[in-house]
Amino acid sequence: MRIHHLSSIIVLILTFGFADSAMALQTHGAPEGIYVHQMAHILFISALAYLSWHTRRTQETSLKGWRFFQIFCIFLICWNALAFTGHLTFEHLQESDFMAEDEWQARLAPPITFIKALYYLTKMDHFLLVPALIALVLSLRTFYIEALGEAKK
Amino acid sequence: MNGLSLIPAVTVEFVGSALVILLAFIALRYAWALIRLEPDNFIWGFLWYFSIALAAFAISRGVGHIIRICLVFSDQQDLWRRLSPLSGGFNTMLMISVAAVTIYYHKGLAAYKAIRSEAQKLAEANQKLAGSADQLQRLNTNLEGLVEDRTRDLSESERKFRNFFENSKDIVYFCDLDGNITNINSSGIELLGAGRDHPVNFHKLFADPNVLKQYLTAIEAKGYVSDLDVELTGHDGIPRHILLAANARYSTNGRMIGYEGIGKDMTRLRTITEQLINHEKMASVGEMAAGIAHEINTPLGIILGYSQLMLDDFEKDSEPYATMQVIERQTKVCRRIVADLLKFSRQAESQKSSINLNEIIKEVLAVTEHNLNIHKIQVIREFTDELPQITGDAEKLHQVFINLFNNAQYAMDGGGELTITTFSTPAGVRVSVSDTGIGIDDEIKNKIFDPFFTTKEVGKGTGLGLSVTYGIVQEHNGTIEVESPVIGSGHDTLRPGTSFQITFPFAPRDSADSMEDHENG
């Protein structure tokens, strides 16, 4: 089984590690990656929205931990939306919009338009992602403490 | 060089990515703890897979960001350009994975809910079953207790009635329709001789078939019979008078299956009653005899006096002289009869003194034994030495034993044994005179002490012997009882013959000594 897993991982690395020379029956253009990624964000948002909605109306998920979980969902939905926006805005930026890119002094070139400002804002997406994960940790921790209390009864 | 520096954004990105990885693994740790705690909980399972996918996404994304920052800022943009699609692809794939896990959550939860609902129902059913089992157990325990209580009560009741049954001095019996005794108490066994080892038919114990018929008819007609005076003859052959109360026994379908009854032994009471009646009768007869004797005695005295005077008026060889002699002789016979009547009625004078009965009997035997031996009667003496003294008239007591020995001789026409036993009892000195003769029929047993009652041929007895004996015994404050047939020494056999049991009270001065002897004995 271990050999099987290892061989699968090697195949994956070779396939994705040399994406340029990947051979396929159908050719896939460069935009396809970002489309798929954006669609994944939408799928992720939908899944989280459904999860949040479902946990609100299901009796089995009425414990205190689910409140945190719903907060996690909201933060993560927001993060997805922000990331989606970030990817979208990045598509509208040109190389000239960046100064000294790839260096410590990298900056957004003036003038700072709405797109550039939005892009800059979306670069701060961890202000949504980290609280989302904190809410998830709190949610799971609450579940665990409550379950432990029940088990001890 | 104006513009908006990206350093804050990059810093947030770098630190944020690291924090996201850290937090994702902390979340994974809690999810793992949850799944360990409750492995069968689907929601924890979902959160576990969700956390795995999220952790993978966090690694993919966070590490991608960190590597990108490191490579770009270390001037290795080419390498990043090669890795970038890989990182992005992983991110996309893992995001889809997280979303897929979330979507499948719905179906999983529904299945989980269904299973949990069934499990809940099963648990409730189990709980109900456990409750029912518990209730059943309690009922069972309670039932055991109830059964134990009932059994104890029943046992107590059975013991009570068994004791009542066994210890009753009356006969308690159960028998089938044919009269075969199925159960009888110890009194019944003792009185009738019926028992487990001696199966007895109750109906065959009835001495009189007419009484048996009356008993059976009454029970069949009314279902019971009460206060029926019956005479039963038990295993030992001794007839007993029983006052019987009996019921029919019925089966559950109302069919008569046998009899059950209680019988009271009235033999002793009956004997005492008969004795009392006899006593009263003898007292009346005695009174009458005394009156008659007194009335006759005077004319007889005159007849005798004149007949003796007239004897002097005739020649001795003349016919009138012989006639007068006959008159004189028969008058004397009449006077003797009158004297006997007076003895019976206790009107004759007595000269009482302290007497040893052994001596009296020896004196009588000295005169009568020869005559008894001629009639092939063997006299057996069973005298108790140092017999206590009684107070009595020796002459009259001689008369008592002469009469008893004469009767015995008459009863043993072809010879036999005459046993004379003397002994002391708490009630007084007792003398038993037993013969092996023909005995006395039950029909005449109550009449033998009546004056002028005799079974002897005409001219052979006056019928006053036992009457006189009775009168003398009564005069001495004693008792006389007759037993025929004679009960053996073991009280369980009967032999032909008659036994007279006479009891005299102790002389006053010997009374205390005699009682002391008994107590010491």
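Lettering follows sequence order; numbering is per chain, from 1.
Between B:Arg61 atom CZ and A:Asp125 atom CG the span is 4.5 Å, to the nearest 0.5 Å.
Heavy-atom distances place both the backbone and the side chain of A:Ile134 under 4.5 Å from chain B. Only the side chain of A:Tyr50 has a heavy atom closer than 4.5 Å to any heavy atom of chain B.
A:Val130 places none of its side-chain heavy atoms less than 4.5 Å from the side chain of B:Val15. A 4.5 Å side-chain heavy-atom check between A:Lys123 and B:Pro8 finds every atom pair outside the cut-off. Two residues are said to be in side-chain contact when any heavy atoms from C-beta on lie closer than 4.5 Å; B:Val20 and A:Trp79 fail this criterion. Contact check for B:Leu37 versus A:Leu148: side-chain heavy atoms found under the 4.5 Å cut-off. Residues A:Phe143 and B:Ile43 form no side-chain contact, since every pair of their non-hydrogen atoms from C-beta on lies 4.5 Å or further apart. Contact check for B:Leu19 versus A:Leu133: no side-chain heavy atoms found under the 4.5 Å cut-off.
Pairing each heavy atom of A:Ala40 with each of B:Met95, the nearest pair is CB-CE, 3.9 Å. Taking all atoms of both residues into account, the shortest heavy-atom contact from A:Val137 to B:Ala27 is CG2-N, 3.7 Å. Scanning both residues, B:Ser5 and A:Arg107, for their nearest heavy atoms gives CA-CG, 3.6 Å. The minimum heavy-atom distance between A:Tyr144 and B:Ala33, with the atom names listed, is CE1-CB, 3.4 Å.
For the options A:Leu129, A:Leu136, A:Leu138, A:Asn80, heavy-atom pairs under 4.5 Å to chain B are most numerous at A:Leu129. Across B:Gly88, B:Ser17, B:Ala24, the residue that shares the most heavy-atom pairs under 4.5 angstrom with chain A is B:Ser17. Residue with the most contacts toward chain A among B:Leu6, B:Ile26, B:Ile96, B:Thr11: B:Leu6 (heavy-atom pairs, distance under 4.5 Å). Heavy-atom pairs under 4.5 Å with chain B were tallied for A:Met39, A:His41, A:Arg141, A:Met124; the largest tally goes to A:Arg141. For the options B:Asn91, B:Thr102, B:Val101, B:Leu83, heavy-atom pairs under 4.5 Å to chain A are most numerous at B:Thr102. Taking chain A as the reference chain and counting heavy-atom pairs below 4.5 Å, the highest number among B:Leu28, B:Leu47, B:Leu22 is found for B:Leu47.
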Which pairs of donor and acceptor atoms, one on a side chain in residues 146-158 of chain B, lie under 3.5 Å apart (sequence neighbours left out)?
| residue | atom | partner | partner atom | Å |
| --- | --- | --- | --- | --- |
| B:Asp149 | OD1 | B:Arg152 | NH2 | 2.8 |
| B:Thr151 | OG1 | B:Val147 | O | 2.4 |
| B:Glu156 | OE1 | B:Arg159 | NH2 | 3.4 |
| B:Glu156 | OE2 | B:Arg159 | NH2 | 2.9 |

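Applying the salt bridge (charged side-chain N to carboxylate O under 4.0 Å, His left out) rule to pairs touching residues 129-146 of chain B yields B:Asp134-B:Arg138, sequence neighbours excluded.
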